[in-house]
Amino acid sequence: MPITAIRGFNDILPAEALVWRRIEETAWRIFLTYGFSEIKLPVVEKTALFSRSIGEATDIVEKEMYTFSDRSNESLTLRPEGTASVVRAYIEHKLYVAPVTRLYYTGPMFRYERPQKGRYRQFYQMGAEVLGEESPMADAETISMLMSFFKAVGVIGARLNINSLGCSSCRPAYKDALRVFLKDRVSALCDNCQRRLEANPLRALDCKGVGCIEATADAPAIIESLCASCSTHFDGLKSSLNDAGVEYAVNPRMVRGLDYYTKTTFEITADTGLGSQNAVAAGGRYDGLVEELEGPKTPCFGFAVGVERLSLLLGKDVAVKTPINVFIALGHEPRSKGSELIRGLRDKGMVVIEEFSEGALKNRMKRADRLGASRVIILGEDELKEGVVTIKDMATAAQEKVRFEELADRLGAS
RNA sequence: GUGGGCGUAGCUCAACUGGUUAGAGCGCUGGACUGUGACUCCGGAGGCUGGGGGUUCGAGCCCCCUCGUCCACCCCA
């Protein structure tokens with residue numbers, strides 16, 4: 001048996017890579033206009049970075065991380081998400097000396113899960129983080145930027161859901177209230193929700209189990225129990241989104257799986273194309289994380305986009321086609337003259353592929369066609385004597401002879 | 001980790017309740033056409049039916065194990 005790629009780790013073949021390139025270029029172009037700069041981060045970090053930031057009791061840390069010991073017995077982990085690394089770098093390089101820092105990153109993330117549609121063990125995220133800004137206007141602006149990006153890249157039917165998870169001063173009280181509420185109907189909850197009733201009762205709000213949906217139908221909503229500061233922030237977010245013309249729905253049942261979120265959380269879902277993993281982007285505010293990782297108290301907001309999921313929403317027809325010229329030389333002399341001509345065309349940015357095989361022209365034409373040639377340039381002994389090449393347009397089958405000096409202009413024009 | 005579907009040629013798929021030598025389209029290759037692809041016609045190559053074990057006179061088909069893959073649960077981008 002030949003060696004294959006490992007489960008959940010995929011090759012992105014050229015046709016799809018073209019879609020990805022378009023996604024990334026569009027994102028960078030738009031994010032740049034909002035003042036973001038790129039940061040390149042390592043793919044491996046010390047394990048403690050993730051257990052401390054994401055939360056010891058989360059599914060990601062408990063059972064989904066690729067953790068291993070290196071040769072000096074240090075516990076390392078393939079990053080399951082990007083925010084922790086951004087914050088680590090922010091603190092490590094003292095980037096907080098700037099009033100506000102806006103960073104974007106992209107790259108592979110790793111989670112040990114069973115692969116399914118839109119979910120892989122190595123998957124790619126593009127993320128953006130605003131560090132050092134507490135205004136809800138930053139939340140709204142960043143979400144708005146993301147929606148603009150989706151629109152520009154061609155996503156249709158994306159829906160924005162927002163919620164607030166409160167902060168360290170109002171969430172504990174809400175959790176208690178919710179626990180009390182749920183204890184009366186604990187038997188209706190699924191095993192999972194019963195188990196995490198103490199640690200994380202919020203999860204029950206998000207659960208798809210029928211019993212859990214019924215049991216939590218008239219549960220208290222967290223947005224009703226926000227403290228003054230969180231409540232003001234949430235109102236500010238909504239009015240800023242309204243001002244920006246961004247449509248949204250408040251979903252008080254939306255709960256995130258990472259512990260560091262405070263105040264604003266949001267999720268962008270698409271109804272078709274994603275299977276049951278319908279979130280294509282998500283994020284929120286994490287005002288306590290920098291401090292938790294021993295940096296100065298710094299309010300932050302950020303999001304991540306799943307590139308595979310976004311790609312599923314776009315289809316393959318977004319790729320830009322540049323004409324491909326295939327060069328066929330017939331014989332030794334034409335070949336060396338051909339090298340010179342090809343160099344000249346490439347210097348002008350044209351795509352030229354030389355067809356090197358030595359079979360019959362018929363077969364070489366066939367190969368050229370399969371290479372995706374939009375035009376074939378033929379140089380044989382006859383042409384060489386005349387100082388011309390034959391250009392054949394593969395779509396129309398029209399053929400013409402063009403002098404060497406005019407070749408580049410002729411190809412560039414059509 | 002749990003549940004279900006599917007593994008047959010490079011690709012997409014056939015093969016009646018188990019029955020001769022496992023087929024087709026596309027692709028590949030050679031020719032018709034020795035300097036012209038894509039169209040047409042004719043020929044050819046290509047399969048330990050994912051792997052292993054079992055039942056049977058006989059297994060692509062039934063049973064067990066295993067691997068892979070897809071979808072779903074859990075959870076998440």
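Naming: A, B, ... by sequence-line order, numbering from 1 per chain.
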Proximal nucleotide (of B:A38, B:C75, B:A72) relative to the A:E113 side chain: B:C75
Presence of salt bridge, A:R256 and A:E267, under 4.0 angstrom: yes
Sugar-phosphate only, base, or nothing, as touched by A:E267 at under 4.0 Å among non-hydrogen atoms: nothing
Closest nucleotide among B:A77, B:C70, B:G35 to the A:L258 side chain: B:A77
Protein-nucleotide distance (A:K362, atom NZ; B:A38, atom P), rounded to Å: 6 Å
Nucleotide B:G1, atom P - distance to CE of A:M65 in whole Å: 17 Å
Under-3.5 Å donor-acceptor pair between A:K392 side chain and B:U36 base: yes
Distance between P atoms of B:G47 and B:C42 (Å, rounded): 25 Å
Nearest-nucleotide pick for A:D59, side chain only, options being B:G37, B:C74, B:A77: B:C74
Nearest to side-chain heavy atoms of A:K366, which nucleotide of B:U36, B:A77, B:U29: B:U29
Length of the CG-P vector between A:N363 and B:G35, whole Å: 11 Å
Of A:Y261 and A:L361, the one whose closest RNA chain B nucleotide lies more 5': A:L361
Protein-nucleotide distance (A:R256, atom CZ; B:C74, atom C1'), rounded to Å: 15 Å
Base of B:C75 paired with side chain of A:R114 (donor-acceptor, under 3.5 Å): no
First encountered from the 5' end of RNA chain B, between A:G8 and A:V305: A:G8
Residue A:R119, side-chain atoms from C-beta onward, closest of B:G37, B:A77, B:G30: B:A77
Sugar-phosphate, base or nothing in reach of A:A373, heavy atoms under 4.0 Å: nothing
Spacing of A:F110 atom CZ relative to B:C75 atom P, expressed in whole Å: 24 Å
Nearest-neighbour nucleotide for the A:Q116 side chain, B:A77, B:C75, B:A72 considered: B:A72
